[in-house]
Asker: 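Here it is: the structure, laid out below.
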Amino acid sequence: MKHKNVTQGVFISRENRFCATVSVDGKNETVHVKNTGRLKELLVSGACVYLSKSDNASRKTRYDLVAVQKGKRIVSIDSQAANTIAHEWICAKGYFGKDAAVRREVTFGKSRFDFYIESGERKIFLEVKGCTLEKDGRALFPDAPTERGIKHIKELVECKNHGFEAYILFIIQMKGTDCFSPNDDTHPDFGAALRDAAKSGVNILALDCNVLPDEVTADDFVKIIL
């Protein structure tokens with residue numbers, strides 16, 4: 001996926017979940033943070049960040065903060081990007097079959113899942129989670145407790161119990177991680193739910209991404225360590 005009108009800035013501070021102050025061409029700008037996660041290891045004072053300028057002149061903030069430089073890698077922090085990245089990958093790579101029919105935002109039970117896929121006789125529900133946290137080469141999710149994430153996992157198990165295939169796909173929004181694991185230190189119940197789902201036949205995938213300031217594309221599978 002591509003971001004439009006990308007410019008570089010210097011991160012100064014985060015005011016709340018949705019807004020931050022960034023220096024752009026020497027001028028302080030209030031920008032929209034496209035991720036409500038903690039991002040404490042990324043949004044540090046002095047960090048190089050990348051901003052997408054909006055075409056909407058009536059917006060309160062002119063820029064969206066979409067990526068952060070962390071060492072030699074760029075990390076995409078746009079939480080809305082993960083579904084688009086996944087959709088592009090599904091359609092381009094044919095993982096579920098080259099003629100698979102893909103629908104977005106489909107309800108089953110009490111949950112709306114990101115994708116419903118039919119490929120021949122296969123009927124598949126797939127939920128996508130964007131991952132921006134890395135520690136010692138390991139990608140971790142979540143970076144903050146997520147009861148909603150547990151709810152999705154449990155209802156994927158229900159999909160499986162009703163005869164569907166069920167997948168959860170972690171889009172690691174960076175390159176250079178060695179493996180993926182649930183972040184038990186932050187939310188042990190999420191890790192427990194993910195392990196239970198795997199035992200129940202829910203398929204767990206993780207893909208890393210090539211990240212440029214204005215473009216993010218899914219790349220390679222990453223080893224899962226539960």
Asker: Between the side chains of Glu158 and Lys160, is the shortest nitrogen-to-carboxylate-oxygen separation below 4.0 Å, so that they form an ion pair?
Answerer: no
Asker: Determine whether a donor-acceptor pair (N or O, by modelled atom type, separation under 3.5 Å) exists between the side chain of Gln173 and the backbone of Cys209.
Answerer: no
Asker: Any sub-3.5 Å donor-acceptor pair from Asn28's side-chain atoms to Thr21's backbone N or O?
Answerer: no
Asker: Show, in sequence, the C-alpha distance, side-chain angles and deciding distance for Tyr63 and Val24, and conclude whether the side-chain contact (heavy atoms from CB on, under 4.5 Å) test is met.
Answerer: CA-CA 10 Å; Tyr63 296 98; Val24 183; 4.0 Å; yes
Asker: List in chain and number order the residues that pass salt bridge (Lys or Arg N to Asp or Glu O under 4.0 Å) with Arg104, two or more places apart in sequence or in another chain; answer none if no residue qualifies.
Answerer: none
Asker: Could you check whether any side-chain N or O of Asn35 sits under 3.5 Å from a backbone N or O of Ile77, counting only pairs where one atom can act as donor and the other as acceptor?
Answerer: yes
Asker: Scan the side chains in residues 37-54 for donor-acceptor partners under 3.5 Å anywhere in the protein, sequence neighbours excluded, and list what turns up.
Answerer:
{"residue": "Tyr50", "atom": "OH", "partner": "Gln69", "partner atom": "OE1", "Å": "3.2"}
{"residue": "Ser52", "atom": "OG", "partner": "Lys4", "partner atom": "O", "Å": "2.7"}
{"residue": "Ser54", "atom": "OG", "partner": "Asn56", "partner atom": "N", "Å": "3.0"}

Asker: Could you check whether any side-chain N or O of Lys34 sits under 3.5 Å from a backbone N or O of Phe18, counting only pairs where one atom can act as donor and the other as acceptor?
Answerer: no
Asker: Short question: side chain of Asn183, backbone of Pro142 - any donor-acceptor pair under 3.5 Å?
Answerer: yes
Asker: Does atom NZ of Lys223 have more than 12 heavy-atom neighbours from other groups under 6.0 Å away?
Answerer: no
Asker: Regarding Asp214 and Asn5, do their side chains bring together a donor and an acceptor under 3.5 Å, going by distance alone?
Answerer: no
Asker: In terms of relative ring orientation, are His152 and Phe113 parallel, tilted or perpendicular, with 30° and 60° separating the classes?
Answerer: tilted
Asker: Tell me the closest heavy-atom pair linking Arg14 and Val33, and the distance in Å.
Answerer: NH2-CG1, 3.8 Å
Asker: Looking at side-chain heavy atoms only, is the closest gap between Ile204 and Leu226 below 4.5 Å?
Answerer: yes
Asker: Looking at Arg59 and Asp64, does any basic side-chain N land under 4.0 Å from a carboxylate oxygen?
Answerer: yes
Asker: Quick check: does any side chain N or O of Ser181 sit under 3.5 Å from a backbone N or O of Ile225, one acting as donor and the other as acceptor?
Answerer: yes
Asker: Donor-acceptor pairs are to be reported for all side-chain atoms of residues 119-126 against protein atoms at under 3.5 Å, with residues two or more places apart or in another chain.
Answerer:
{"residue": "Ser119", "atom": "OG", "partner": "Phe96", "partner atom": "O", "Å": "2.5"}
{"residue": "Arg122", "atom": "NE", "partner": "Glu165", "partner atom": "OE2", "Å": "2.7"}
{"residue": "Arg122", "atom": "NH2", "partner": "Glu165", "partner atom": "OE1", "Å": "2.8"}
{"residue": "Arg122", "atom": "NH2", "partner": "Tyr167", "partner atom": "OH", "Å": "3.4"}

Asker: Give a yes or no on this: more than 12 heavy atoms of other residues, nucleotides or ligands lie within 6.0 Å of atom CG of Asn16.
Answerer: yes
Asker: Could you tell me whether Asp184 and Arg195 make a salt bridge, using a distance below 4.0 angstrom between a side-chain N and a carboxylate O?
Answerer: yes
Asker: Go through Val31 and Phe11 one step at a time and tell me if the side-chain contact (heavy atoms from CB on, under 4.5 Å) criterion holds.
Answerer: CA-CA 10 Å; Val31 306; Phe11 183 82; over 6 Å; no
Asker: Test side-chain contact (heavy atoms from CB on, under 4.5 Å) on Glu105 and Tyr116 and set out the steps.
Answerer: CA-CA 8 Å; Glu105 300 291 331; Tyr116 174 68; over 6 Å; no
Asker: Quick one: does any side-chain atom of Asp114 pair with a main-chain N or O of Val128 as donor and acceptor, under 3.5 Å?
Answerer: yes
Asker: Any donor and acceptor pair, going by atom type alone, linking the side chain of Arg73 with main-chain N or O of Met174 inside 3.5 Å?
Answerer: no
